[in-house]
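Inspection log for the structure reproduced underneath, given as structure tokens.
Ligands are counted one by one from 1 in listed order, and the atoms in each one are counted from 1 as well. Residue numbers start at 1 and run along the sequence shown.
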Amino acid sequence: MTDTAATAVDVAANLAAVKARIAAAAKEAGRDPAGVRLVAVAKTHGHARIRPAILAGQRRYGENRVQEAAAKWPALRAEFSDLRLHLIGGLQTNKAREAVALFDAIETVDRPKLAEGLAHEIERQGRRPDLFVQVNTGAEPQKGGVLPLAADALIAHVRGLGLVVAGLMCIPPADEEPGLHFALLADIAARNSVAGLSMGMSHDYEIAVRFGATHVRVGTAIFGAKE
Ligand SMILES: *Cc1c(COP(=O)(O)O)cnc(C)c1O
């Protein structure tokens, strides 16, 4: 995982550039840049790329697989106590225990059974990760997320379990105007009084900021291509 000259990625410089662009997009939209949190998506990347980001002050990270996160993060967390880890990939109900133990935010709550499994573990472990409901705004069969028309009911179900819905999350279809999907997600959040909006990736995070993102999930623009 050591970078050779040919593959060297200047993570600290990339991070600074992304943060500057987030701040500029926020100001342009009349928003406080502090209202947009950067989740640095570290999937597939090893400590050689993650460590420079931590040393540059980045504290919030995203992973899409429980196993990978469990292998990579405990050692870093032992060294840096204030890291925050977001699960941004699909979660099987039988991994709810591990996910609640490991993550500070779970962004992929997309069905009642998973919400119930998380509620059980949150109660059992006394750990309360922030929960985001993932909405499949493009109704793509291969993607996780509750369908837009079922989102209100799932949000109500999660709340009925005594849990707080910290935000909504979406991944727009690759070939569609992302702004339409961000607007739809913002709409669902507003009518349900949900505060958080996790939306925007390397290619569209500035658009997401314009549409009210409170969390943007940026991987490639910081860490380079997947390893
Ligand atoms: C990988 C991933 C990202 C980051 O994507 P980039 O295009 O590398 O910025 C964001 N969100 C989710 C759900 C992901 O799986």
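Partner D104 forms a salt bridge (Lys or Arg N to Asp or Glu O under 4.0 Å) with one of R127, R60, R59 and no other, that one being R127.
More than 12 heavy atoms of other residues, nucleotides or ligands lie within 6.0 Å of CD in Q125, so this atom counts as buried by the packing criterion. Within a 6.0 Å radius of CD in E123, other residues, nucleotides and ligands contribute 12 heavy atoms or fewer.
Between I88, V41, V39, T108, it is I88 that holds the heavy atom closest to atom 13 (C) of ligand 1.
Below 4.0 Å from some heavy atom of I171 lie the following atoms of ligand 1, by number and element: 13 (C). Near V218, the atoms of ligand 1 lying under 4.0 angstrom from a non-hydrogen atom of the residue are 9 (O).
Nearest heavy atoms, L163 versus I122: CD2-CD1, 3.9 Å.
Among all non-hydrogen protein atoms, the one lying nearest atom 2 (C) of ligand 1 is K43 NZ, 2.6 Å. Of the protein's heavy atoms, T220 OG1, 2.5 Å lies nearest to atom 8 (O) of ligand 1. Closest to atom 5 (O) of ligand 1, if we only count protein heavy atoms, is M201 CE, 3.4 Å. Taking atom 11 (N) of ligand 1 as the reference point, the nearest protein heavy-atom neighbour is R217 NE, 2.9 Å.
The closest donor-acceptor contact from the side chain of R217 to the backbone of S198 lies under 3.5 Å.
Between E121 and R124, at least one side-chain nitrogen of the basic residue sits less than 4.0 Å from a carboxylate oxygen of the acidic one, meeting the salt-bridge criterion.
Using a 4.0 Å cut-off between heavy atoms, E107 makes no contact with ligand 1 at all.
At under 3.5 Å, a nitrogen or oxygen of G219, whether backbone or side chain, sits near a nitrogen or oxygen of ligand 1. Taking distance alone, with nitrogen or oxygen atoms compared against 3.5 Å, S202 approaches ligand 1 more closely than that limit.
Annotation: side chain of R159 is in contact with side chain of I155 (closest heavy-atom distance under 4.5 Å).
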